[in-house]
Participant: 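Structure below; questions to follow.
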Amino acid sequence: MAQLRDLKDELDIVIPTIRNLDFLEMWRPFFQPYHLIIVQDGDPSNTIGVPEGFDYELYNRNDVNRILGPKASCISFKDSACRCFGFLVSKKKYIFTIDDDCFVAKEPSGKEINALEQHIRNLLTPSTPLFFNTLYDPFANGSDFVRGYPFSLREGLPTAISHGLWLNIPDYDAPTQLVKPRERNTRYVNAVMTIPKGTLFPMCGMNLAFDRELIGPAMYFGLMGDGQPIGRYDDMWAGWCAKVICDHLLLGVKTGLPYIWHSKASNPFVNLKKEYKGIYWQEDIIPFFQSIALREECTSVQDCYIELANKVKERLGLIDPYFEKLGDAMVTWIEAWNELNPPPPAQTATLAHPNVAMKN
């Protein structure tokens, strides 16, 4: 297996949280070389404890408001969707984001899984969205393209997103949680596969990595939580938007390895209150995304996302006024992204964050 290059200067780890980050102790052997961006949700007067020895920035809601001004309205409050603020302020090429109730999983052999290393491997090797390889990832160790796979497609396409999975507590919706309260995922499947072009998937944000330069502006987790009629659809919304744009721009999305250990089941009754409109709406949302055809003139992620935002307002706005608000927030997000991340030819201004807690 080819040696991976060191990405400690090219990757940020983004963690949304409302509590002390004691879980980092378990991840210390894998995370300590990397820079952390911690996005504190909830009351900004609360103090978040971070174990000694980690290099991090910590942003709370006051920082979000100060840095973004009126554009802060696009960042969700009291919902893990706030993590996308970390994507916005990062200056690295790659992002890995993880929830604070996710611990180090083990392979069937008992070996601890370095989830970050596998995500890096997924991102640094090509994807194959245009033709499915029945032996899964042909760039994995011990694998290759099978007989009948077109040689003209074997170079693959750049990988934009690496979607990892979970052992123990599955990522179920509230109705499934209620029907199967004791179900646990114990199956370790040693496989990575590219999600085919034209196929949507339910993206989970608790164990996720992406190439910020390739797809970053599309990784907006929407308007969720406080003041919104829906929650727990933030990562899925980002996944549907990003997948449509990846398909249009010929970028790949991988799913499978790595696994993390999801330690805590959330309350299904609380989840149902957050999800019930989404469960109803998704029967219209998914056909909407399946029918999207972006114009050929859309050659950047930002162009694609603005066109998608307009279609959200035009078509999904007929379902509920929330989608008009969401479409406006998507445009605001792109404006904020362009402001903090100007394109290379432009003069890049150095942002001063005088009140942001920084540790080394």
Side-chain angles (χ1 to χ4, degrees), residues 11-18 35-42 44 56-100 160-163 202-228 230-246 253 278 301-302 304-306 308-309 312 325-341 351 353 356:
L11 184 146
D12 279 334
I13 299 173
V14 175
I15 305 168
T17 193
I18 57 170
H35 180 68
L36 311 181
I37 297 178
I38 300 163
V39 184
Q40 177 181 343
D41 199 14
Y56 70 91
E57 301 166 70
L58 191 153
Y59 297 90
N60 61 33
R61 190 68 197 189
N62 293 337
D63 299 313
V64 173
N65 292 337
R66 175 175 52 79
I67 293 168
L68 294 185
K71 295 183 179 70
S73 61
C74 73
I75 304 298
S76 297
F77 185 57
K78 295 186 178 178
D79 191 278
S80 64
C82 69
R83 81 178 75 224
C84 63
F85 179 77
F87 309 161
L88 193 65
V89 297
S90 171
K91 299 303 175 189
K92 303 290 178 61
K93 177 175 172 57
Y94 300 102
I95 294 287
F96 170 55
T97 185
I98 186 171
D99 285 3
D100 60 15
I161 298 172
S162 171
H163 178 255
M203 188 173 81
C204 173
M206 74 173 80
N207 174 24
L208 180 72
F210 61 92
D211 186 321
R212 190 172 172 276
E213 293 181 1
L214 286 180
I215 199 62
M219 298 300 281
Y220 173 51
F221 277 47
L223 286 178
M224 304 282 157
D226 192 52
Q228 309 303 333
I230 186 175
R232 283 175 54 85
Y233 271 81
D234 52 326
D235 42 8
M236 284 177 280
W237 180 262
W240 294 328
C241 292
K243 185 57 166 63
V244 165
I245 293 173
C246 283
V253 178
V301 176
Q302 286 95 327
C304 292
Y305 204 73
I306 291 296
L308 194 53
V312 166
K325 184 178 179 182
L326 176 56
D328 288 335
M330 293 168 69
V331 173
T332 302
W333 162 263
I334 292 298
E335 291 172 350
W337 185 279
N338 290 339
E339 185 176 310
L340 270 64
N341 303 277
L351 289 172
H353 298 165
V356 175

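Just so it is clear, the structure is predicted and the values come from calculations on it, not from any experiment. Numbers for residues simply follow the sequence, beginning at 1. Reckoned from all heavy atoms, side chains included, excluding hydrogens, waters and symmetry mates.
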Participant: May I ask you to test the Ile98-Ile15 pair for a side-chain heavy-atom distance under 4.5 Å?
Facilitator: yes

Participant: Indicate yes or no: at least one non-hydrogen side-chain atom of Ser76 is less than 4.5 angstrom from one of Asp226.
Facilitator: no

Participant: Does the pair Glu335 and Lys71 meet the rule for a side-chain contact (heavy atoms from CB on, under 4.5 Å), with working shown?
Facilitator: CA-CA 8 Å; Glu335 291 172 350; Lys71 295 183 179 70; 3.7 Å; yes

Participant: Testing the basics here: between Pro16 and Thr97, what is the closest heavy-atom pair and its distance to 0.1 Å?
Facilitator: CD-OG1, 4.3 Å

Participant: Got a donor-acceptor contact below 3.5 angstrom from the Asp211 side chain to the Ala160 backbone?
Facilitator: no

Participant: So do Glu57 and Tyr59 actually touch side chain to side chain, heavy atoms under 4.5 Å?
Facilitator: yes

Participant: Please confirm whether Phe87 and Phe210 have ring centers closer than 6.0 angstrom.
Facilitator: yes

Participant: To check you understand the geometry: which heavy-atom pair defines the closest contact between Cys74 and Ala329, and what is its length?
Facilitator: CB-O, 3.7 Å

Participant: Can you name the nearest heavy-atom pair linking Arg61 to Pro44, along with the distance?
Facilitator: N-CB, 4.2 Å

Participant: If you take all heavy atoms of Val39 and Cys82, which pair is closest and at what distance?
Facilitator: CG1-O, 3.4 Å

Participant: Under a 3.5 Å distance rule, please check whether Thr17 uses its side chain to pair with a backbone N or O of Gln40 as donor and acceptor.
Facilitator: no

Participant: Parallel, tilted or perpendicular: which describes the rings of Tyr233 and Trp240, with under 30° parallel and over 60° perpendicular?
Facilitator: tilted

Participant: Would Asp12 and Leu36 count as a side-chain contact (heavy atoms from CB on, under 4.5 Å) if you check the C-alpha gap in whole Å, the side-chain angles of each, and the deciding distance to 0.1 Å?
Facilitator: CA-CA 6 Å; Asp12 279 334; Leu36 311 181; over 6 Å; no

Participant: Between the side chain of Thr332 and the main-chain N/O of Asp328, is any donor-acceptor distance below 3.5 Å?
Facilitator: yes

Participant: Could you pull out the closest heavy-atom pair between Gly239 and Met203, with the gap in Å?
Facilitator: N-CE, 3.5 Å

Participant: Evaluate Arg212 against Met219 for side-chain contact (heavy atoms from CB on, under 4.5 Å), listing each step before the verdict.
Facilitator: CA-CA 9 Å; Arg212 190 172 172 276; Met219 298 300 281; over 6 Å; no

Participant: Please lay out, stage by stage, how Asp234 and Asp79 fare under the test side-chain contact (heavy atoms from CB on, under 4.5 Å).
Facilitator: CA-CA 9 Å; Asp234 52 326; Asp79 191 278; 3.6 Å; yes

Participant: Does Ile75 reach the side chain of Cys84, with side-chain heavy atoms less than 4.5 Å apart?
Facilitator: yes

Participant: Okay, side chain of Ser162, backbone of Leu208: is any donor-acceptor separation there less than 3.5 Å?
Facilitator: no

Participant: Under the rule for side chain to side chain donor-acceptor pair (under 3.5 Å), what residues qualify as partners of Asn207, not counting sequence neighbours?
Facilitator: His119

Participant: Please check if the side chain of His163 supplies one atom and the backbone of Val253 the other of a donor-acceptor pair under 3.5 Å.
Facilitator: no

Participant: Quick one: does Met330's side chain get under 4.5 Å of Trp237's, heavy atoms only?
Facilitator: yes

Participant: Kindly indicate whether the side chain of Phe96, heavy atoms from C-beta on, has any atom under 4.5 Å from the side chain of Val14.
Facilitator: no

Participant: What pair of heavy atoms forms the shortest contact from Pro217 to Trp333, and how long is it?
Facilitator: O-NE1, 2.8 Å

Participant: Within the 4.5 Å heavy-atom criterion, are Asn338 and Gln302 side-chain neighbours or not?
Facilitator: yes

Participant: Just how far is it from atom SG of Cys304 to atom CG of Leu308, taken to the nearest 0.5 Å?
Facilitator: 8.5 Å

Participant: Could you tell me whether Asp41 and Arg83 make a salt bridge, using a distance below 4.0 angstrom between a side-chain N and a carboxylate O?
Facilitator: no

Participant: With sequence neighbours left out, write down each residue that passes side chain to side chain donor-acceptor pair (under 3.5 Å) with Lys78, or none if nothing qualifies.
Facilitator: none

Participant: Does a side-chain N-to-carboxylate-O contact under 4.0 Å join Asp63 and Arg66?
Facilitator: yes

